[in-house]
Chemist: 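What follows is a structure written as structure tokens; I'll ask about it next.
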Amino acid sequence: MGATTSTIICKVLIGEARTSLLTGATIVMGAVLGYSAMAGVVGGGGLGDIAIRYGYYRYETGIMFVTLIFIVAIVQLMQGIGTVAARTLDHRKQE
């Protein structure tokens, strides 16, 4: 059709895969946050470390629940933003 290879890659292939790439990136960000919280449990620091050290080991369930709710809220926020962005970038017919 007269298009160069770079034009086909940038405008056609990436244009068609943009929604799937964004959805995959959203899932990866949620998984990384979950893995970092699990790493905090075994000494990696972060929110999981706060939940275990200050909540579970000191028997302060309030701190533990607030930290866990905070982690879940961050994941939900990231998933919601990613889903909305993927829907707006999707050029297929929405039903």
Side-chain angles (χ1 to χ4, degrees):
M1 298 281 175
T4 63
T5 304
S6 61
T7 303
I8 292 171
I9 291 172
C10 292
K11 298 209 179 215
V12 177
L13 294 176
I14 293 178
E16 289 295 321
R18 162 175 69 193
T19 304
S20 297
L21 290 172
L22 187 59
T23 304
T26 303
I27 292 169
V28 166
M29 287 188 331
V32 166
L33 183 66
Y35 291 149
S36 69
M38 286 184 266
V41 171
V42 294
L47 291 173
D49 185 42
I50 291 172
I52 289 294
R53 187 180 301 174
Y54 297 110
Y56 185 72
Y57 290 153
R58 293 184 182 181
Y59 298 106
E60 294 182 20
T61 56
I63 293 174
M64 186 172 58
F65 284 134
V66 166
T67 308
L68 293 176
I69 289 171
F70 188 64
I71 292 170
V72 170
I74 290 173
V75 171
Q76 290 295 321
L77 182 69
M78 287 190 317
Q79 288 284 337
I81 290 171
T83 302
V84 168
R87 281 186 187 162
T88 57
L89 290 177
D90 194 9
H91 65 277
R92 294 178 291 176
K93 184 178 177 182
Q94 298 292 323
E95 294 183 28

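Only heavy atoms go into these numbers, but all of them, side chains included; no hydrogens, no water, no symmetry mates.
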Chemist: Can you see which heavy atom on L22 is nearest to which on G82, and at what distance?
Modeler: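 Nearest pair, atom of L22 first, then G82: CD2-O, 4.1 Å.
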Chemist: OH of Y56 to OG1 of T61: how many Å apart, nearest 0.5 Å?
Modeler: 12.5 Å
Chemist: Working to the nearest 0.5 Å, report the span between CG of L68 and CD1 of I63.
Modeler: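 Going from CG on L68 over to CD1 on I63, the span is 12.0 Å.
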Chemist: Do M64 and I52 share a hydrophobic cluster (ILVMFWY, side-chain heavy atoms under 4.5 Å, transitive)?
Modeler: yes
Chemist: Hey, could you give me the OG1/CG distance between T19 and L89, rounded to the nearest 0.5 Å?
Modeler: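 These two atoms lie 6.0 Å from each other.
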Chemist: Do T23 and S20 get their side chains close enough for a donor-acceptor pair, meaning under 3.5 Å?
Modeler: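 S20 and T23 do not have a side-chain donor-acceptor pair below 3.5 Å.
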Chemist: Can you get from F70 to M78 by hopping between Ile, Leu, Val, Met, Phe, Trp and Tyr side chains that sit under 4.5 Å apart?
Modeler: yes
Chemist: From Q79 CD over to L77 CG, what is the distance, rounded to the nearest 0.5 angstrom?
Modeler: 10.5 Å
Chemist: Linking I/L/V/M/F/W/Y whenever their side-chain heavy atoms sit closer than 4.5 Å, directly or via other members, would L13 and L21 fall into one cluster?
Modeler: no
Chemist: Verify side chain to side chain contact (heavy atoms under 4.5 Å, CB included) between M29 and L33, making sure each step is shown before the conclusion.
Modeler: CA-CA 6 Å; M29 287 188 331; L33 183 66; over 6 Å; no
Chemist: Heavy-atom distance under 4.5 Å between the side chains of T7 and V12, does that happen here?
Modeler: no
Chemist: Do L47 and V66 land in one hydrophobic cluster if side-chain heavy atoms of ILVMFWY residues count as linked below 4.5 Å?
Modeler: no
Chemist: Can you measure from OG1 (T4) to NZ (K11) and round to the nearest 0.5 angstrom?
Modeler: 10.0 Å
Chemist: Which distance, rounded to the nearest 0.5 Å, do you find between the CZ of F65 and the CD1 of I69?
Modeler: 8.0 Å
Chemist: Quick one: do I14 and I9 satisfy side chain to side chain contact (heavy atoms under 4.5 Å, CB included)? Show the steps, please.
Modeler: CA-CA 6 Å; I14 293 178; I9 291 172; 4.3 Å; yes
